[in-house]
4 protein chains.
Amino acid sequence: MIRAGIVGGAGYIGGELLRMLLGHPEVEVVAATSTRLSGRRVDGTHPNLRGLTDLSYVAPEQLPECDVLFFTASSLDDPAGRAGLAARGKVVFDLSADLRLKDPALYRRHYGREHPAPELLADAVSGLPELHREHLRTADLVSVPGCMASASILALNPLAAADLIESRVTVDGRVGSSGSGASAGEMNLHSERSNVLRVFAPLGHRHQAEISQATGLDARMTATGVDAVRGVQVVVRATARPGVTEAAIRAAYRAAYAREPFVRVIAQKRGNYRFPEPKLLLGSNYCDVGFAYDAASRELLVIGALDNLVKGGAGNAVQSMNIRMGWDERTALGFPGLHPI
Amino acid sequence: MIRAGIVGGAGYIGGELLRMLLGHPEVEVVAATSTRLSGRRVDGTHPNLRGLTDLSYVAPEQLPECDVLFFTASSLDDPAGRAGLAARGKVVFDLSADLRLKDPALYRRHYGREHPAPELLADAVSGLPELHREHLRTADLVSVPGCMASASILALNPLAAADLIESRVTVDGRVGSSGSGASAGEMNLHSERSNVLRVFAPLGHRHQAEISQATGLDARMTATGVDAVRGVQVVVRATARPGVTEAAIRAAYRAAYAREPFVRVIAQKRGNYRFPEPKLLLGSNYCDVGFAYDAASRELLVIGALDNLVKGGAGNAVQSMNIRMGWDERTALGFPGLHPI
Amino acid sequence: MIRAGIVGGAGYIGGELLRMLLGHPEVEVVAATSTRLSGRRVDGTHPNLRGLTDLSYVAPEQLPECDVLFFTASSLDDPAGRAGLAARGKVVFDLSADLRLKDPALYRRHYGREHPAPELLADAVSGLPELHREHLRTADLVSVPGCMASASILALNPLAAADLIESRVTVDGRVGSSGSGASAGEMNLHSERSNVLRVFAPLGHRHQAEISQATGLDARMTATGVDAVRGVQVVVRATARPGVTEAAIRAAYRAAYAREPFVRVIAQKRGNYRFPEPKLLLGSNYCDVGFAYDAASRELLVIGALDNLVKGGAGNAVQSMNIRMGWDERTALGFPGLHPI
Amino acid sequence: MIRAGIVGGAGYIGGELLRMLLGHPEVEVVAATSTRLSGRRVDGTHPNLRGLTDLSYVAPEQLPECDVLFFTASSLDDPAGRAGLAARGKVVFDLSADLRLKDPALYRRHYGREHPAPELLADAVSGLPELHREHLRTADLVSVPGCMASASILALNPLAAADLIESRVTVDGRVGSSGSGASAGEMNLHSERSNVLRVFAPLGHRHQAEISQATGLDARMTATGVDAVRGVQVVVRATARPGVTEAAIRAAYRAAYAREPFVRVIAQKRGNYRFPEPKLLLGSNYCDVGFAYDAASRELLVIGALDNLVKGGAGNAVQSMNIRMGWDERTALGFPGLHPI
């Protein structure tokens, strides 16, 4: 059993990490920290875990020795957190946005300040197993990508890698309220956030830099909050290069994902669920991808879906940990999602 | 044109008062107060009113002279507010819970303290036109009842008045999130409040005292928050007195409500909407009532539905104002609700 | 009082027409037809109208003489219906897709057959008052545009007319379930249709031809069903022509809509509702439009929102009728929408 | 590996059985039948199972030999189905309502006809492990109780068994749309079923007979459809016998459920989730129970929650099968549910 700790355990990503790790046969969760809730039971904030754990939160400074650490929020402005990210001898998974952009100049542009610890950027391996599995086998610092970025990259990368599409793509991201976290403000009150189609990032969402970095494409992103708690869907418009056939697109996806345990290429011709639908993925570690193509106009619509807290967050982290530790990659990630829901 | 002011205009009840009063041909809204948002446009917080008004909030102390005043929140701990309630020469509508219970002892029991201005209780007329229309014609201080109380009283009073039911009734109240107001806390975050069946008041909800006061019955109430923004439904279990027939029950409702403009007795035998359904009433001033009766067991289920912000709040206030001013009672209250929704 | 009849009164558009016309001071609704429900009360299918009408459906062949007729569904395959559309001496509003495309070749491409009555196409005036007000004053046959088309055209036309954008635009349409009508099949069951982000028309939705026809742009449309009953939002990506400033875009909208009673240009800088949000418009005849612009990249995001059954259907028809009859254009269309909801 | 077959695999209960059994290490699913969809892939109707199975439906008459059979719908009017229920040599789980009521007279009263196979009633063991575990160890015919009945029985039985409450209880059941099944009609269209508080069984719901049969209490039930796909909550009003303390109630629950793997007694004092909340249980096999008690009035509110398709259906069947086969009772039932959702 390896010893795992969660720095920032009281948020939604912390809750999903706990759910998965408590059911992981190789992992013992030794601590979850919370400054505000130190001493309070973990299942007070994560009531779905009642009966599964007697753990209580500890203050960050009480975190015991761990083999594996998960940081759920930005640590850059906290010296202890930064030291934690930089420490070696353990494996660190960072689920914040701190280390996602490799280029400090990109960070500056999208986050409006100098990166406080640029020396960490080179070390961090992206926690997206489908693209970085080999590097993850030996990584000591893993940066888990953003939820909409993960869906977009998985939907686009096979096409970009095979040079089937032109560089400029537009990404329409839709996301549920859990993406705003457990301590969101008035704008996330039920009466305000229900029934919305809230365009909260019309142009230039931060995740577009991640997508461009990973795929080499020129991605332009718009993001809309929808009336869902969980779930991300990205609808990407691309233009195929001249001569590209539907068969070529399908072949590129098959080549990329035929052996991937957590990416499904949806290729039904009919039915309500012939394109990726996030509601089927709640709690699951799948990313579903699919597309529609009009060869005459070369218009290509690519769609990706996932659960923002799982394959878009905690699930990617656990899958990366499984790879890093040499375990079956699917361990503790077996839940397939529900229908109907 | 009479001059109307709203003390506490930035909340949800304030917004509904504004929507109705801005469309009222006899009323000029001269001011809406907000301590926090003084100087900001009213349509910033009530975006459905964009294009209908250029009003901005004023600080409470800047409230100009008005003929009619609406208080949307408790004034008991604010000397100026209490003075406002007590002042005569204008007509005051209080939509808080301050003046709903006539008996200070009941107030003490349900609100956990002495009533700070018991002298006001005797003056206040209940703003439920169906029971107090005649008193409302001359009232200078009107206390609008609670949303679940209004639905329950309208559903029960004809039966109680005709002595058709035994005293003990149980009330199962269901209410949407707007009942918690525009400044509710973490428990009302979309991710927490969505999909709920949250029993927030298992026994002894405050509104049960209002119901008993109005009907003379011994009401016991349970309240559940449901995944809706607006809407109240009360499902009341009662026991008919021996010998009571379905026809007698129907006759009691007809007698009470045949001429009421805003209470509909739903008596369909079939269909999805054969019992009162709050979703049909969003934005409308109707209270729908209906029932199911098993004469053999004398089990009687009485159901009431309304929009908590309209007939359960602002609409009752405007209807009461119309009566008080001698206008057509239905003025500015004509919206019938939507289907489907 | 003019006499109005609704051919096909039992569907959702029929219900909205009834709601508005029953509250219209110049109109008497003399009949609503339904083959299936002939003889049954209108408020059985439109329960929000209980207490407002005692009308029952009549069979189509029993339709009495009317001054104004509304057709809610396709009449092309019904000889009586076609005769109704062609008859003169009354004013006809067609809310189906039959007469929306002026060019029979476009109809053939999008509807997969020859148009059965091409002679009607030239006569039909588009029921979008903002573009066709003058023609509507004398029109005897009005074709009300599609819901997503209406939102897109109103959002794009000022920019196209002022030649501020390049021709190619992509339209991402989102629509609630009421767009599928009251007799939709298994795919619209609550358990299947809830929580969806259902890409049902990935490329080439029919409404894109309407948008191109009205604006002269080359529109490419994708449509997604979202978890809402009512509401349409279109999010349009366009590219501004070189040198176009934000001020120029704003000026074009102001010029087009400053005097329009039912188009609001949303230009808030902050807040949850700074872009058009359909939930604020349920039951209202507003179309809200707004935009975000990045002058450096010339990326322009244009957003439109409306209620698909009102400004995207029945409301446009009633507004067109008001114009045709010389009444105040806003008659019976005063409901502003609700917040919160 | 035992061989399992599902008779009626295309419905929602069939889908949940498939989800669980495909993940069960001791079970091979050899067939799922569907008359309508014979030859079509199982994951066409259960899209959450894509990638997990290549199974296609077979016609009922093609069902191969199985060790365990699950019937998801009524078989009483189908001779082959009845023969299947009566056959011995295999273990049969019936998830329909056919065999739930032991007394043919009760069946007649609640289902309006004579029971066509009363000889089966005596053989059938109720598939509620918490009450019938010992009988289940040897049962060959198991009748899984109704969803609202399961929740009510688990919430009430400890109190009834310890004689802590008076006989008359009222049950307010709330249920999501999946309870109506995958082939429900127009009344379950998204536009009609969304946002509802639909009192569909005001008095005398069939499940009340099951509750009374299991607990010996005189249960009176009301059922409301709520805007959820999955989930059942029952809110039960009971009257404690004189002298009963809160501690006694708590002790009764503890005694009954301390060792039960799938019943959790929720006993938090504070927080949003201090009473059983079905949204936390989606996909999980837990039934959560809790209560509120006012000793002075002896009013007792008992609350139960579960997922109607899992602990209220397929999960109870699988748990019963695990018991019958001598396996760990929790096998394939490990998913704890999600938060937030």
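Numbers restart at 1 for each chain; the letters A, B, ... are given by sequence-line order, proteins then strands.
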Heavy-atom closest contact ([X] atom, [Y] atom, distance):
{"X": "A/Val175", "Y": "A/Val232", "result": "CG2-CG2, 3.7 Å"}
{"X": "A/Arg274", "Y": "A/Ile266", "result": "O-CG2, 3.5 Å"}
{"X": "A/Leu17", "Y": "A/Val318", "result": "CD2-CG2, 4.2 Å"}
{"X": "A/Ile13", "Y": "A/Leu309", "result": "CD1-CD2, 3.9 Å"}
{"X": "D/Gly290", "Y": "D/Pro276", "result": "N-CG, 3.4 Å"}

Just wondering, do A/Arg198 and A/Met187 contact through their side chains at under 4.5 Å, heavy atoms?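 They are in side-chain contact.
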Contact part of [X] toward chain A, heavy-atom cut-off under 4.5 Å: side chain, backbone, both or neither?
{"X": "D/Tyr273", "answer": "both"}
{"X": "D/Glu16", "answer": "side chain"}
{"X": "D/Leu52", "answer": "side chain"}

Checking heavy atoms, do the side chain of A/Arg41, its backbone, both or neither come under 4.5 Å from chain D?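 Interface part for A/Arg41: neither.
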Relative to chain D, which segment of A/Asp288 carries a heavy atom at a distance below 4.5 Å: side chain, backbone, both, or neither?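 It is the side chain, since no backbone atom gets that close.
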Top contributor to chain A contacts, counting heavy-atom pairs under 4.5 Å, from D/Gln268, D/Arg50, D/Arg264: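 So the answer, after comparing D/Gln268, D/Arg50, D/Arg264, is D/Arg50.
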Who among A/Thr45, A/Asn48, A/Val229 has the most heavy-atom pairs with chain D under 4.5 Å?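 Of the candidates given, the most pairs with chain D belong to A/Asn48.
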